[in-house]
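Below, chain A is the first sequence line, B the second, and so on; all start at residue 1.
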There are 2 protein chains.
Amino acid sequence: MDREVAQGRVLDAAEELFYSRGIQTVGMDDIRGLSGVSLKRLYQLFGTKDQLVDAYLERRDLRWRQRLADHVEACGDPEGRIIAVFDWLGQWFNEPGFRGCAWINSYGELGTTSTTIATQARRHKQAFRRYLEKLTTDAHLPHDLAEHLLLLAEGAMVTAGIFGTPGTAAQARAAAGLLLESAKQARPPLPAR
Amino acid sequence: MDREVAQGRVLDAAEELFYSRGIQTVGMDDIRGLSGVSLKRLYQLFGTKDQLVDAYLERRDLRWRQRLADHVEACGDPEGRIIAVFDWLGQWFNEPGFRGCAWINSYGELGTTSTTIATQARRHKQAFRRYLEKLTTDAHLPHDLAEHLLLLAEGAMVTAGIFGTPGTAAQARAAAGLLLESAKQARPPLPAR
DNA sequence: CCTTCGAGAGAACCATCGTTCTCCTCCAAT
DNA sequence: ATTGGAGGAGAACGATGGTTCTCTCGAAGG
């Protein structure tokens, strides 16, 4: 089997297992079993479990943000893009196997023990925050709104994850709409300037 | 040592260790070391690690909600009480050793593995939600507002925990204020009825 | 055909951990 | 004073898991 193919299979298995069951609960042997890649090769490819976790979170971060951006950019107007973030969250929450945010979960599990995971979680959340800031900037709205939207989104991920209620995204979307209106009134659109 | 004293010391040690380092990372031996209660007695008092975790979360839930309620009830008017929730969050975030929400963290770690923890997390979050609903009802505001506030609060806990920025509570408070205004405009106070 | 090297299966190794057991001590009741 | 039982210190046990090692096989190159 090709080196890259093996890496992909390992990462696929790691993602499925780590995301659904947590990190400490999953053994390297489980990943070997699901991926079909031998332990020897697995260690050859990733070094240690810690590095494998790192690679898993890294790849998931890229894909997660890409999927979000793909959905959001499909929306034409700046304000619509902001709301689209919450629509996408709703889609995500509805996917089978949704179990909350991988970074929040990992951070809760090992944030104080593993600097690898703490760093990945902060980087991911920071990137998400910057993306929201970009969206609000594009809509000529203040950064405070971005921070408020971040809190709503994080709260929705947590709540939908714990209760298994994908509809939480709609609530977050509604709240986001209200905050957006609020922000628009405080700083009206360009024609008013 | 008295039975109740021993139980208290064990729970104190369990809380300090489980909250700061996570559950799987902490061994029963660590709890013995910090509490000064022998392993034998420890198992006599709590049966299994799982039951100890349960007792820890149970006690923390009671105390957490009590502290919140104590702070909130000190505020006279209904709308002020709603905002007071976020002030209290700010105080909590500023306490030394703050590491996010114990239930969110525990759920992220073992929510899919331990039904004990999943149940505790859902119960705690449900109780918090009901409390917010009570506060909004008292202020003659709709339940939707309570749900929005819940999302803000959860988001604030997560964000403050991951980034270590207690100021997040102020952002949540500001957003809560905006949503409160929004809700008041949608359903004005009694005189208008 | 032979050699060599990479890879797989799985045992082995070592540490950790939940839980129990042993042995010893101490104190209270007789 | 004796005894009995509770409790402490810590070893022991069995399971698990991260990591490495051994043995074997098969394929590629001479």
May I have the distance from B/R3 (atom CZ) to D/dG8 (atom P), rounded to whole angstrom?
12 Å
Is it the case that the side chain of A/S35 and the backbone of A/A13 share a donor-acceptor pair, with hydrogens and angles ignored and the cut-off at 3.5 Å?
no
With the threshold set at under 4.0 Å for non-hydrogen atoms, list the residues of residues 9-25 of chain B touching DNA chain C in residue-number order.
none
Using a 3.5 Å distance criterion without hydrogens, assess whether the side chain of B/D2 forms a donor-acceptor pair with backbone atoms of B/V5.
no
Qualifying side chain to side chain donor-acceptor pair (under 3.5 Å) pairs with a residue from residues 97-108 of chain B, counting only residues at least two apart or across chains:
B/Y107-B/R122
Please say whether more than 12 non-hydrogen atoms of neighbouring residues, nucleotides or ligands are located less than 6.0 Å from CD in B/E4.
no
Measure up the B/Y56 and B/F18 rings against each other and bin them: parallel (under 30°), tilted (30 to 60°), perpendicular (over 60°).
tilted
Less than 4.5 Å apart, any side-chain heavy atom of B/E154 and any of A/E154?
no
Under the 6.0 Å and 45° cation-pi test, does A/R65 pair with A/Y131?
no
Identify each atom pair where a protein N or O and an N or O of nucleotides 3-5 of chain D are less than 3.5 Å apart, giving names and distance.
none

Nearest whole Å is fine: how far is D/dG17 P from A/I31 CD1?
12 Å
Spacing between A/L52 atom CG and D/dG17 atom P, to the nearest angstrom:
15 Å
Please check this pair: side chain of A/R81 against backbone of A/C75, looking for a donor-acceptor N/O pair closer than 3.5 Å.
yes
Would you mind reading off the distance between B/L42 atom CG and D/dA9 atom P, rounded to a whole angstrom?
12 Å
What integer distance in Å separates B/R32:CZ from D/dG7:C1'?
14 Å
Nearest-Å distance, CZ (A/R41) to P (C/dG10)?
18 Å
Could you run through nucleotides 19-24 of chain D and give me one letter per nucleotide, 5' to 3': B if any protein heavy atom sits under 4.0 Å from the base, S if only the sugar-phosphate is that close, - if neither?
BB-B--
All side chain to side chain contact (heavy atoms under 4.5 Å, CB included) counterparts of B/T113, not counting sequence neighbours
A/T25, B/L110
Salt bridge (Lys or Arg N to Asp or Glu O under 4.0 Å): pairs with one or both residues in residues 47-59 of chain A, sequence neighbours excluded
A/D12-A/R59, A/E15-A/R59, A/E58-A/R123
Side-chain donor-acceptor pair present, B/Q66, B/D70, cut-off under 3.5 Å
yes
Quick one: A/L45 CG to C/dG6 P, roughly how many Å, whole number?
14 Å
